[in-house]
Amino acid sequence: MATERYNAREAEARWQKAWTEAKVFETKNDDPRPKYYVLEMFPYPSGRIHIGHVRNYTMGDVVARYKRARGFNVLHPMGWDAFGMPAENAAMKGHVHPKSWTYDNIATMRGQLKSMGLSLDWSREFATCDVEYYTQQQKLFLDFMKAGLVSRKKSKVNWDPVDMTVLANEQVIDGRGWRSGALVEQRELVQWFLKISDFSEELLSAIDTLDRWPEKVRTMQRNWIGKSEGLRVRFEIDGPAAGGDPTIEVFTTRPDTLFGMSFLAISADHPVARALGEGNADVTAFIDDCHRIGTSAAALETAEKKGYDTGLKVRHPFNGKSYPVYIANFVLMDYGTGAIFGCPAHDQRDLDFARKYDLTVTPVVLPDGEDAGNFVVGNVAFTEDGKLINSDFLNGLGVDEAKNKVASILETRDLHGKPAGARQVNYRLRDWGISRQRYWGCPIPVIHCDSCGVVPVPTKDLPVKLPDDVEFDRPGNPLDRHPTFSKCTCPECGKPARRETDTMDTFVDSSWYYSRFTEPRAGTPTVPSVVNSWLPVDQYIGGIEHAILHLLYSRFFTRAMKATGHVDFDEPFRGLFTQGMVVHETYQTADGEWVSPGDVDIVTDGGTRKARLRTTGEDVTIGAIEKMSKSKKNTVDPNDILESFGADTARWFMLSDSPPERDVEWTDAGAQGTARFLQRVWRIVSETSELVPATGTAEGGDKLALTLRKAAHKTLAMVEENIEGLRFNVALAKIYELVNTIGSALANERGTLEGDLAASNALREAVGILVKIMAPMTPHLAEESWAALGHDGMLALSDWPVLEKSLLVEDEITLPVQVNGKKRADVTVSRTAGNAEVEAAALALEPVIRALEGKSPKKVIVVPGRIVNVVA
RNA sequence: GCCCCAGUGGCGAAAUGGUAGACGCGGCAGACUCAAAAUCUGUUAUCUGCGAGGAUGUGCUGGUUCGAGUCCGGCCUGGGGCACCA
């Protein structure tokens, strides 16, 4: 058969051009068909697309192309999450302006994405660093201010005392600044916040409505919001008050354990701690020590638990005893009241602390089945339910009863003019600090006036544009030292004033871009009628690493935009899918240098794989399969893949094998296998077009014709089901099976196919279905094949095949037969056979009789259409 | 440290509580070829057996069930997130 090989490079460029020229993927807002909005998380323009992008955008594209074929008006846009630190780092390192660095990167990456053949509406593209985009974002900010959703308060930052600059958490390594190596300090700055905590309850309860989100993401968000019901308890200071207030208030979810108290601990930032620190060098030293741990929760909680005994005592509300007050490095000022009471027997952290400082451990909750006389707590706290002991009037109660009793008493008792206790619902979720002391972000549009205070920039004066003439020759915020940026006049009184130099967290940019795509050039943030018709996003696809922050901020932002009239819906993402990462083997030379896969040859020597350095032939060690990272050099550049194999191979391979939510490993051998498979499909298409030139209708037929038709329609049904469920790897496996069926028919039944019209029409139908169901994954090959089969017009514009359900029904079914849960035989029965009939047939089988060893069955379980289990 | 997730052949994996290993990669054997590549066919969990077959097997461990990779309890290992990386 003189079939030419499929030339991916040539065909892909040709079809990409044809799609662009015909504007096939440009979406109209007034199209009457039902809408479908599919969106992948937009990329940060780091310079080159990453293999993870290839995977993410291929998945979205499969959905987009599939839904388009099924008759939807599909919106599938792309843009750039273009503000952020790397541009400034590049500016400091390479003397290139963040703006040109970013836009150059975008140009490169746009080209790479285009070569993937994604069905994107490029006419809607924007970058968040476009002045047009951040102007609208500034308008939103001003509207949020008006609506009372913005606040200013003091909050902590990591401060590098040598570079004199604020550091991001990732720039703090082992407590030191990444460039200077100086010990990082905490500083308090007055910063801008969005009041996400106003929506804590709403964001929590609405999680129940997100039924097309992964359960694990919903759980993570629930835990993050962290609703807890507890009691604020005020303890009287035993002796002179520090700082005026004669009491210290704690928040606890376990008021039932009050009688097990052995200390009270306050945060290093608690007003009492600060008051004690004044004029006391020891206290100050301890507080400074706490501040050096950093600001990240992970650092705080993995640090060794330390406390400082202040010498202060508090009086217990019930037993009248005094307990020591510690300043402790694990108590957070941001959560609750910044103070806790410690009950070591029933809280692990308190127990660790008590053991370290030799404090008493009194169990007050007795596990069921334990004896109060012998029960002791060792090094594991008991945190579950039980009966109260050693607790005076609470003895014998359950945990919940005891909590209620304590709350009822304390909320009616007076302590220095206020109730001694108050029930409170508390959330872990904190307000969203959006201030960044950096250049490459959206300027916060406010002005500071000595007379008028904080004044919003009037809308007519927007945008507050980032100046281009900035220098990165030293660390710190270039906006601060810019000669004119901060100089302005107060819009209210006209006196000289200062412009805010903080810019916004880049999470703000990504919290509403999905709405902007619906009308990306509008002079308002959104056009409500348009955005309300498109949103919510039907299918959002992105990395699991965004499970909490980005997705929660977006959910909040949508509500804030609703409150200010920009949108009229609550939840931005109806369906969410979180994909796994792309991983790769690592390679290391004998002296520990990491080696890139591109510099390594893999050889198989007697069944074992070995790796050699291509240049020198030196053996290198094959290491663990890990997340691709620059430091381990185990990255694969998608460009190489696209150039050597073509987009369809890259796309197909990214979808095959691994389930999309799991990590996937890129292997060269796998890519080659995919390329071979695509050539095989091309041969099948070519042979079919030569063999069956006429267009006939497939119907009826027997033997081969029926086999082919059944295989094609069964595959069609499975592919529909598995694309809808985003199980791409399974959909692909079913396509392989169809190709195997068609391939073996072409190889072994040539005579029938040439002589029997029913068979040849069935072949043609099967190949046509094959091409169409592959089109979402390998669109270029599918277009080329469609044309080769003699069709006019683009496949991208044609409909999905119509499923003939009658072909899915089988007359006979084969059921496995188990004896005591072990499979012993198969039984083939009519589809309509009743349970008694199936049972009789199963018991008559020779292997079943043998397995029963003469015993009579006690019970026979027949699950219709599934299985027979004989219990002996 | 806290929250969440994953673990199945040599490898990637499949499996509404119902035949564990579909499909692919790799390997092995064969066909075609002067030869190679490409292609095609067969085979491929482990142990045992000439074979029919039998036994074992889904990270470890205990449980629920007629039946558990799947559900529940306790562990182990790896990964993601932890509020200024995006």
Side-chain angles (χ1 to χ4, degrees), chain A residues 5 41 43-44 46 81 83-86 157-158 166-172 214-217 219-220 222-224 226 295-303 305 330 334 348-349 352 429-438 505-507 510 543-550 552-553 578 580-581 583 604 607-609 624 626-627 653 656-659 661-665 667 669-670 672-674 676-677 679-680 683 727 729-730 732-737 740 743-744 747-748 814-818 820-826 847 850 858-861 863 866-872:
Chain A
R5 284 178 67 78
M41 291 179 187
Y44 178 78
S46 57
D81 189 11
F83 276 136
M85 286 203 309
V157 292
N158 300 306
V166 178
L167 297 176
N169 282 337
E170 72 158 9
Q171 297 174 320
V172 180
E215 194 53 50
K216 64 173 164 180
V217 176
T219 307
M220 281 190 263
R222 282 191 191 102
N223 291 340
W224 185 260
T295 58
S296 82
L300 291 170
E301 291 186 44
T302 47
K305 308 277 172 287
F330 60 89
D334 294 320
Q348 192 60 46
R349 219 161 34 174
D352 297 342
L429 181 64
R430 309 199 295 257
D431 277 335
W432 175 12
I434 60 157
S435 281
R436 296 293 180 271
Q437 293 72 40
R438 276 187 252 287
D505 178 8
T506 57
F507 272 124
S510 57
I544 182 66
E545 65 272 20
H546 294 293
I548 296 176
L549 293 181
H550 162 61
L552 193 60
Y553 289 150
T578 52
M581 295 174 305
V583 296
T604 308
T608 49
R609 291 175 72 247
E626 295 185 41
K627 172 180 173 175
F653 181 63
S656 64
D657 293 359
S658 285
E661 69 277 11
R662 228 188 278 182
D663 295 349
V664 70
E665 186 196 359
T667 64
Q672 280 163 13
T674 296
R676 275 203 301 275
F677 169 74
Q679 288 295 344
R680 188 171 177 219
R683 277 195 306 278
R727 291 176 295 270
N729 55 322
V730 183
L732 265 54
K734 301 298 171 191
I735 292 176
Y736 278 115
E737 287 183 35
N740 288 341
S744 70
N748 305 323
T814 300
L815 300 178
V817 182
Q818 297 181 332
N820 291 330
K822 271 197 174 99
K823 195 210 162 188
R824 295 293 174 183
D826 289 303
R850 184 150 31 93
K858 284 190 196 128
K859 191 160 130 192
V860 179
I861 294 154
V863 184
R866 273 285 166 200
I867 203 167
V868 182
N869 191 12
V870 181
V871 185

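So that the names make sense, note that chain A is the first sequence line, chain B the second, and so on, each numbered from 1.
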What does [X] touch in the nucleic acid at a heavy-atom separation under 4.0 angstrom: a base, only the sugar-phosphate, or nothing?
{"X": "N729(A)", "result": "sugar-phosphate"}
{"X": "R349(A)", "result": "nothing"}
{"X": "N820(A)", "result": "nothing"}
{"X": "P659(A)", "result": "sugar-phosphate"}
{"X": "K858(A)", "result": "nothing"}
{"X": "R850(A)", "result": "sugar-phosphate"}
{"X": "T219(A)", "result": "sugar-phosphate"}

When you measure from the side chain of D826(A) to the backbone of T814(A), do you find a donor-acceptor pair of N or O atoms at a distance under 3.5 Å?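 No: the side chain of D826(A) does not pair with the backbone of T814(A).
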Distance, nearest 0.5 Å, that separates [atom1] of [X] from [atom2] of [Y]:
{"X": "N158(A)", "Y": "N169(A)", "atom1": "CG", "atom2": "CG", "result": "5.5 Å"}
{"X": "I861(A)", "Y": "N869(A)", "atom1": "CD1", "atom2": "CG", "result": "5.0 Å"}
{"X": "T506(A)", "Y": "H550(A)", "atom1": "OG1", "atom2": "NE2", "result": "11.0 Å"}
{"X": "K305(A)", "Y": "L300(A)", "atom1": "NZ", "atom2": "CG", "result": "9.5 Å"}
{"X": "F677(A)", "Y": "L732(A)", "atom1": "CZ", "atom2": "CG", "result": "7.5 Å"}
{"X": "F330(A)", "Y": "T302(A)", "atom1": "CZ", "atom2": "OG1", "result": "14.0 Å"}

Please enumerate all residues that pass side-chain contact (heavy atoms from CB on, under 4.5 Å) together with V730(A), with sequence neighbours excluded.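 Residues passing side-chain contact (heavy atoms from CB on, under 4.5 Å) with V730(A): N722(A), R727(A), K734(A).
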Got a sec, which residues hit side-chain contact (heavy atoms from CB on, under 4.5 Å) with R850(A), two or more places apart in sequence or on another chain?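 Testing R850(A) for side-chain contact (heavy atoms from CB on, under 4.5 Å), a comparison that skips the adjacent residues, returns E846(A), P847(A).
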Using atom [atom1] of each nucleotide, how far apart are [N] and [M] to the nearest Å?
{"N": "C11(B)", "M": "C72(B)", "atom1": "C1'", "value": "32 Å"}
{"N": "U61(B)", "M": "G69(B)", "atom1": "C1'", "value": "16 Å"}
{"N": "G12(B)", "M": "C3(B)", "atom1": "P", "value": "29 Å"}
{"N": "U65(B)", "M": "G49(B)", "atom1": "P", "value": "39 Å"}
{"N": "A14(B)", "M": "G21(B)", "atom1": "P", "value": "15 Å"}

Please determine, for the side chain of D657(A), which listed nucleotide (C4(B), A38(B), G24(B)) has the closest atom?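 When the side chain of D657(A) is considered, G24(B) is the closest of C4(B), A38(B), G24(B).
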Between C4(B), C23(B), A13(B), which nucleotide gets closest to the side-chain atoms of A733(A)?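 Between C4(B), C23(B), A13(B), the one nearest the side chain of A733(A) would be C23(B).
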[X] [atom1] to [N] [atom2], straight-line distance once rounded to whole Å:
{"X": "I735(A)", "N": "G24(B)", "atom1": "CD1", "atom2": "C1'", "value": "13 Å"}
{"X": "K305(A)", "N": "G1(B)", "atom1": "NZ", "atom2": "P", "value": "9 Å"}
{"X": "E661(A)", "N": "G12(B)", "atom1": "CD", "atom2": "P", "value": "15 Å"}
{"X": "R676(A)", "N": "C23(B)", "atom1": "CZ", "atom2": "P", "value": "17 Å"}
{"X": "F330(A)", "N": "C2(B)", "atom1": "CZ", "atom2": "P", "value": "13 Å"}
{"X": "F677(A)", "N": "C40(B)", "atom1": "CZ", "atom2": "C1'", "value": "16 Å"}
{"X": "F653(A)", "N": "C11(B)", "atom1": "CZ", "atom2": "P", "value": "16 Å"}
{"X": "L732(A)", "N": "A13(B)", "atom1": "CG", "atom2": "P", "value": "15 Å"}

Look at the side-chain N and O atoms of [X] and state whether any lies under 4.0 Å from the OP1 or OP2 oxygen of [N].
{"X": "K859(A)", "N": "U65(B)", "result": "no"}
{"X": "N223(A)", "N": "C2(B)", "result": "no"}
{"X": "R824(A)", "N": "G53(B)", "result": "no"}
{"X": "R662(A)", "N": "G7(B)", "result": "yes"}
{"X": "S658(A)", "N": "A13(B)", "result": "yes"}

Stem list for RNA chain B, please, built from Watson-Crick and G-U wobble pairs under 3.5 Å and keeping only runs of at least 3.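 Correct response: B:1-7 with B:76-82, B:10-12 with B:23-25, B:26-31 with B:39-44, B:45-48 with B:53-56, B:59-63 with B:71-75.
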Minimum-distance pair of heavy atoms, taken over all atoms of R430(A) and D334(A):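 Looks like CD-CB, 3.4 Å.
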Which heavy atom in G743(A) sits nearest to a heavy atom in R680(A), and how many Å separate them?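 G743(A) and R680(A) have their closest heavy atoms at CA-NH2, 4.4 Å.
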Given the rule in the side-chain contact (heavy atoms from CB on, under 4.5 Å) test, do N729(A) and R662(A) qualify, once you have shown the distances and angles that lead to the verdict? CA-CA 11 Å; N729(A) 55 322; R662(A) 228 188 278 182; over 6 Å; no
Output, in order, the C-alpha distance, side-chain angles, deciding distance and verdict of side-chain contact (heavy atoms from CB on, under 4.5 Å) for V860(A) and V868(A). CA-CA 7 Å; V860(A) 179; V868(A) 182; 3.9 Å; yes
What residues, two or more places apart in sequence or in another chain, satisfy ring pair (Phe, Tyr, Trp, His ring centres under 6.0 Å) together with W224(A)?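 Once residues adjacent in sequence are excluded, W224(A) has no partner under the ring pair (Phe, Tyr, Trp, His ring centres under 6.0 Å) criterion.
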Report each atom pair, protein N/O against N/O of nucleotides 82-86 of chain B, whose distance is under 3.5 angstrom.
| unit_1 | atom_1 | unit_2 | atom_2 | d |
| --- | --- | --- | --- | --- |
| A83(B) | OP2 | A297(A) | N | 3.1 |
| A83(B) | O2' | R430(A) | NH2 | 3.3 |
| A83(B) | N6 | R428(A) | O | 3.0 |
| A83(B) | N1 | R430(A) | N | 3.0 |
| C84(B) | OP2 | R436(A) | NH2 | 2.8 |
| C84(B) | O4' | R436(A) | NE | 3.3 |
| C84(B) | O4' | R436(A) | NH2 | 3.3 |
| C84(B) | O3' | N169(A) | N | 3.3 |
| C84(B) | O2' | N169(A) | N | 2.6 |
| C84(B) | O2 | R438(A) | NH2 | 2.1 |
| C84(B) | N4 | Q191(A) | OE1 | 3.3 |
| C84(B) | N4 | S435(A) | O | 3.4 |
| C84(B) | N4 | Q437(A) | OE1 | 3.0 |
| C85(B) | OP2 | N169(A) | N | 3.4 |
| C85(B) | OP2 | E170(A) | N | 2.9 |
| C85(B) | O4' | E170(A) | OE1 | 3.2 |
| C85(B) | O4' | E170(A) | OE2 | 3.3 |
| A86(B) | OP1 | M85(A) | N | 3.2 |
| A86(B) | O3' | D81(A) | OD2 | 2.8 |

Check nucleotides 15-19 of chain B against the protein and report each pair of N or O atoms closer than 3.5 Å, with its distance, or say if there are none.
| unit_1 | atom_1 | unit_2 | atom_2 | d |
| --- | --- | --- | --- | --- |
| U16(B) | O4 | R866(A) | NE | 3.1 |
| G18(B) | N2 | N869(A) | ND2 | 3.4 |
| U19(B) | O2 | K823(A) | NZ | 2.8 |

